Student: 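First the structure, then my questions, so here it is.
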Amino acid sequence: MSDAERVSEEYVVEYVDGPLAGETDRRVLIGGRYDDRIGAVAAVEGLESLFWYNAGDSREIQGELHVSYTFDAPDSDPVEAIRDDE
């Protein structure tokens, strides 16, 4: 598979806000389409959490599809670390 074929099957995820703000990722296009909603697992203060993001704007940059994703706080794990009261 050439680089051109690989790039056309992928897109760049741009996390706009939430715990992953400013991060990017690569995902595979399914049936030529990007995901409307994605889940991402990340550690916040040592606690692994699941965060949900919804697709927003998309654009092409240098022949590569970029999609902005916004944080869906109500459906995601809490961002604050759970502390034991002693």
Side-chain angles (χ1 to χ4, degrees):
M1 177 182 297
S2 74
D3 285 341
E5 289 173 323
R6 185 180 59 79
V7 170
S8 66
E9 294 175 359
E10 292 182 340
Y11 66 100
V12 176
V13 171
E14 298 173 345
Y15 297 103
V16 175
D17 56 2
L20 301 176
E23 300 285 328
T24 60
D25 195 3
R26 288 190 173 274
R27 299 254 175 160
V28 175
L29 293 166
I30 305 296
R33 297 181 45 93
Y34 57 84
D35 296 308
D36 291 330
R37 180 175 165 90
I38 59 174
V41 176
V44 175
E45 294 185 24
L47 181 64
E48 200 169 83
S49 303
L50 175 61
F51 303 117
W52 289 101
Y53 282 81
N54 297 314
D57 294 335
S58 65
R59 64 201 177 290
E60 192 171 308
I61 300 174
Q62 295 182 347
E64 211 170 28
L65 179 62
H66 288 241
V67 182
S68 299
Y69 283 84
T70 55
F71 184 53
D72 186 350
D75 284 348
S76 297
D77 288 343
V79 177
E80 299 83 25
I82 299 171
R83 292 179 172 75
D84 291 334
D85 291 330
E86 294 184 28

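Values reported hereafter were calculated over all heavy atoms of this structure, with side chains retained and with hydrogens, waters and symmetry mates removed. Along the sequence shown, residues carry numbers from 1. Only a predicted model underlies this, so the values are computations on that prediction, with no experimental measurement involved.
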Student: Please give me the minimum heavy-atom distance between Tyr34 and Gly56, naming the atom from each residue.
Tutor: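 Result for this residue pair: OH-O, 4.2 Å.
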
Student: Do the side chains of Asp35 and Tyr11 get nearer than 4.5 Å, heavy atoms only?
Tutor: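 Side-chain contact under 4.5 Å: yes.
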
Student: To check you understand the geometry: which heavy-atom pair defines the closest contact between Asp72 and Ser76, and what is its length?
Tutor: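 Scanning both residues, the minimum pair turns out to be O-OG, 2.8 Å.
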
Student: Out of curiosity, does Phe51 fall in the hydrophobic cluster containing Val16 (side-chain heavy atoms, cut-off under 4.5 Å, transitive links)?
Tutor: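 Different clusters: Val16 never reaches Phe51 through Ile, Leu, Val, Met, Phe, Trp or Tyr contacts under 4.5 Å.
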
Student: Could you pull out the closest heavy-atom pair between Val13 and Arg27, with the gap in Å?
Tutor: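 Scanning both residues completely, I find the closest heavy atoms to be CG2-CG, 3.4 Å.
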
Student: Count the heavy atoms of every other residue, nucleotide or ligand shown that sit under 6.0 Å from CZ of Arg59, and state whether that count exceeds 12.
Tutor: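 It does: Arg59 CZ has more than 12 such atoms within range.
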
Student: For Asp25, does the CG atom have more than 12 heavy-atom neighbours from other residues, nucleotides or ligands under 6.0 Å away?
Tutor: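 Yes, the 6.0 Å shell around CG holds more than 12 heavy atoms from other groups.
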
Student: Hydrophobic side-chain clustering at under 4.5 Å (ILVMFWY, transitive links): who's grouped with Leu50? Put none if nobody.
Tutor: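 Cluster partners of Leu50: Val41, Trp52.
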
Student: Glu10 and Leu29: which non-hydrogen atoms are nearest, and at how many Å?
Tutor: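 Nearest heavy atoms, Glu10 then Leu29: O-CD1, 3.9 Å.
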
Student: Please check: side-chain N/O of Tyr53 versus main-chain N/O of Ser68, any donor-acceptor pairing under 3.5 Å?
Tutor: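 Checked: no pair found.
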
Student: How long is the straight-line distance from CG of Asp75 back to CG of Asn54, given to the nearest 0.5 Å?
Tutor: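 Rounded to the nearest 0.5 Å, the CG-CG separation comes out at 8.0 Å.
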
Student: Kindly write out the residues that satisfy ring-ring contact (aromatic ring centres under 6.0 Å, His included) with Tyr69, not counting sequence neighbours, or none if the list is empty.
Tutor: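 Testing Tyr69 for ring-ring contact (aromatic ring centres under 6.0 Å, His included), a comparison that skips the adjacent residues, returns none.
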
Student: Do Tyr15 and Leu65 sit in one hydrophobic cluster, given that two such residues count as connected whenever their side-chain heavy atoms are within less than 4.5 Å of each other, even indirectly?
Tutor: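 Shared cluster, yes.
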
Student: When hydrophobic residues are tied together by side-chain contacts of less than 4.5 Å, even through go-betweens, does Val67 share a cluster with Val12?
Tutor: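 No: no chain of side-chain contacts under 4.5 Å links Val67 to Val12.
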
Student: Main chain of Thr70, side chain of Asp17: is a donor-acceptor contact present, judged purely on distance under 3.5 Å?
Tutor: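 Not at all, since once roles are kept as given, no pair shorter than 3.5 Å links the two residues.
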
Student: Testing the basics here: between Pro78 and Ser49, what is the closest heavy-atom pair and its distance to 0.1 Å?
Tutor: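 It is O-OG, 4.2 Å.
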
